[in-house]
Amino acid sequence: MTFQAPKGTFDWLPPRSEQVLAVREALVAPVRRAGYGYVETPVFEDTQLFARGVGESTDIVTKEMYTFPDKAGRSLTLRPEGTASVVRAVLQHGLHTGQLPVKLWYSGSQFRYERAQRGRYRHFWQVGAEALGAEDPALDAELIVLAARGFSSLGLRNVTLLLNSLGDGNCRPAYRAALQEFLRGLDLDDETRARVEINPLRVLDDKRPEVQARLGGAPLVADHLCAACKAYHEEVRALLTAAGVAFEDDPRLVRGLDYYTRTTFEFTHGGLGSQSAIGGGGRYDGLSEMLGGPPLPSVGWALGVDRTFLAMESEGLLGDAAPGRVQVYGVALGDDARRRMFLLVAELREAGVSADMAFGGKGLKGAMKGAGRSGARYALILGERDLAAQAVQVKDLTTAEQTEVPLARVVEVLKGKVQ
RNA sequence: GUGGGUGUAGCUCAGUUGGCAGAGCGCCAGGUUGUGGUCCUGGAUGUCGAGGGUUCAAGUCCCUUCACUCACCCCA
């Protein structure tokens, strides 16, 4: 062993890598059907984008970013999340000056410098969707429904949707002050006490039992929402109910990014251990302005691909049957036959038939073994005898039935067999 | 950043009061000189995570260190 993947990272290898690809596609499919367009942004951005967008007081910004100077001395950061980049791209290219909302989805690597554990890695994969430039509870509901459909299309049953509203610029300051006053009266450790001053809402999210025990009488945001926020939230709830998406009201659900306003939600799964969130998001009406743009009320989510994979594994949804990698596998004996097989395999691929062949000068037995392992339905056997007869043996590996087919017709015949 | 657990073959793991480095799976070859998946036979593969110490002798005991992993914190 010479090198290994950096701490907190891991490799996806076949056959699991094929499965994770399918998971990613399944999560994205509902969004694409809803008219969201694909956006791809750089893996690194100006550090200030995240500092201002995600929030200076968040753990992500204060402790978890991969920040580095480039050769010209610019401070860059590997993206710890996707929303800030999407908003930046929308503003930079003026997408918001066209018809609203702008609906976008993305899929890609995210990076956070954290101590790794099950379901939490320094390099992880998210798919995300954002709808920018419209304040409409139907948009919040649409995104939540699309995420729920993504999870259910994978067969996941043990998923819980938690829902809350954080209020807006009108009602949140008063709530924040009331909460702060309550929290200051509690006996808390220094770190938590500091959080009370910087971001009191996140204290509600603390999972430590001794902290939770003290939060019993804490004021809840639901009781402090202004009329507009309350009506908005009720509409989101009603739409979800109408769409048949079950949810739980969680007045303590806060989430760790500063830009959220009004609707927040999280999808959790019971099979993951402590890293139970497999997706989450919310409304971020003020983010555009924080990044120097015009008011652009928006909502979005990100779903964790790796965590969704783990959730599926815990529900036994992955199976262990490796899917066939190719439909046809070539076995050649002798140099002349090998050269001919090389061309035949290329012709098959051109014709739309997936094909592989034995490499490395294996004997017949070893090559046939390779055919079996490839998962191919058909093996093509070409020896000197067959070559002389301008024919190839086509063997059905599931029935062991073997027929001779003229070389000139074999592509056509196989095309018909695998259709 | 804090606390636990685990490091032995490619993988999953045994290894007794300290006494020749092991099994299953996988891989390779043969049984079958032109036929896989089953079966039988044989074979290869080790810095026992690393460094130091105790001992006639260390995978095993002691110290240090590294890696992985789980949990806390936080989050997808």
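Throughout, a chain's letter reflects where its sequence line sits, starting with A, and its residues are numbered from 1.
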Spacing of the [atom1] atoms in [M] and [N] (rounded, Å):
| N | M | atom1 | result |
| --- | --- | --- | --- |
| U60(B) | G7(B) | P | 12 Å |
| C62(B) | C75(B) | P | 41 Å |
| U12(B) | C68(B) | P | 15 Å |
| C61(B) | G5(B) | P | 15 Å |
| G37(B) | G26(B) | C1' | 15 Å |
| U8(B) | G4(B) | C1' | 23 Å |
| C28(B) | G22(B) | P | 24 Å |
| A67(B) | G51(B) | C1' | 14 Å |

Looking at [X], does any N or O in its side chain come under 4.0 Å of the phosphate oxygens OP1/OP2 on [N]?
| X | N | value |
| --- | --- | --- |
| R195(A) | C74(B) | yes |
| Q117(A) | C72(B) | yes |
| Q126(A) | A76(B) | no |
| R202(A) | C75(B) | yes |

*Does any donor-acceptor pair link the side chain of R120(A) with the base of C74(B) at a separation under 3.5 Å?*
yes
*Taking the six-membered ring of F309(A), is NZ or CZ of R16(A) closer than 6.0 Å to its centre and within 45° of its axis?*
no
*Please determine, by modelled atom types, if S298(A) and E130(A) share a side-chain donor-acceptor pair under 3.5 angstrom.*
no
*asked:* Do D140(A) and Y232(A) pair up side chain to side chain, a donor and an acceptor below 3.5 Å, judged on atom types alone?
replied: yes
Interatomic distance, [X] [atom1] vs [N] [atom2] [rounded to whole Å]:
| X | N | atom1 | atom2 | answer |
| --- | --- | --- | --- | --- |
| Y113(A) | A76(B) | OH | P | 20 Å |
| I198(A) | C74(B) | CD1 | P | 13 Å |
| R122(A) | A76(B) | CZ | P | 18 Å |
| Y121(A) | C68(B) | OH | P | 13 Å |
| R118(A) | C75(B) | CZ | C1' | 16 Å |
| F267(A) | C75(B) | CZ | P | 18 Å |
| K7(A) | C70(B) | NZ | P | 12 Å |
| F151(A) | A76(B) | CZ | P | 12 Å |

*Name the nucleic acid region contacted by E81(A), choosing base, sugar-phosphate or nothing; use a 4.0 angstrom heavy-atom cut-off, strictly under.*
nothing
*asked:* Considering every strand and a 4.0 Å limit on heavy-atom distances, what is the contact class for F309(A): base, sugar-phosphate, or nothing?
replied: nothing
*Qualifying residues under side-chain contact (heavy atoms from CB on, under 4.5 Å), relative to H224(A), sequence neighbours excluded*: Y175(A), A178(A), P219(A)
My understanding is that a pair needs two contacts under 3.5 Å, Watson-Crick or G-U wobble. By that rule, which nucleotide pairs with [N]?
| N | answer |
| --- | --- |
| C68(B) | G5(B) |
| C39(B) | G31(B) |
| G22(B) | C13(B) |
| C61(B) | G53(B) |

_E64(A), nearest nucleotide to its side chain (from A76(B), U69(B), C74(B))_ = C74(B)
*Which heavy-atom pair separates R214(A) from F182(A) by the least distance, and what is that distance?*
O-CZ, 3.8 Å
*Identify the heavy atoms of Q126(A) and E81(A) that sit nearest to each other, and give their distance.*
OE1-CA, 4.5 Å
*Report the residues that fulfil side-chain hydrogen bond (donor to acceptor under 3.5 Å, both in side chains) with T261(A), sequence neighbours left out, ordered by chain and then residue number.*
none
*What string of B, S and - do you get for nucleotides 29-36 of chain B, 5' to 3', if B is base contact, S is sugar-phosphate-only contact and - is no contact with any protein heavy atom under 4.0 Å?*
--B--BBB
*Less than 4.5 Å apart, any side-chain heavy atom of E347(A) and any of V410(A)?*
no
_Parallel, tilted or perpendicular, judged at 30° and 60°: which one describes the rings of W12(A) and F10(A)?_
perpendicular
*Start at the 5' end of RNA chain B and walk down; is the nucleotide closest to P6(A) or to I278(A) reached first?*
P6(A)
*asked:* Reading RNA chain B from 5' onward, which residue's closest nucleotide shows up sooner: G119(A) or K63(A)?
replied: K63(A)
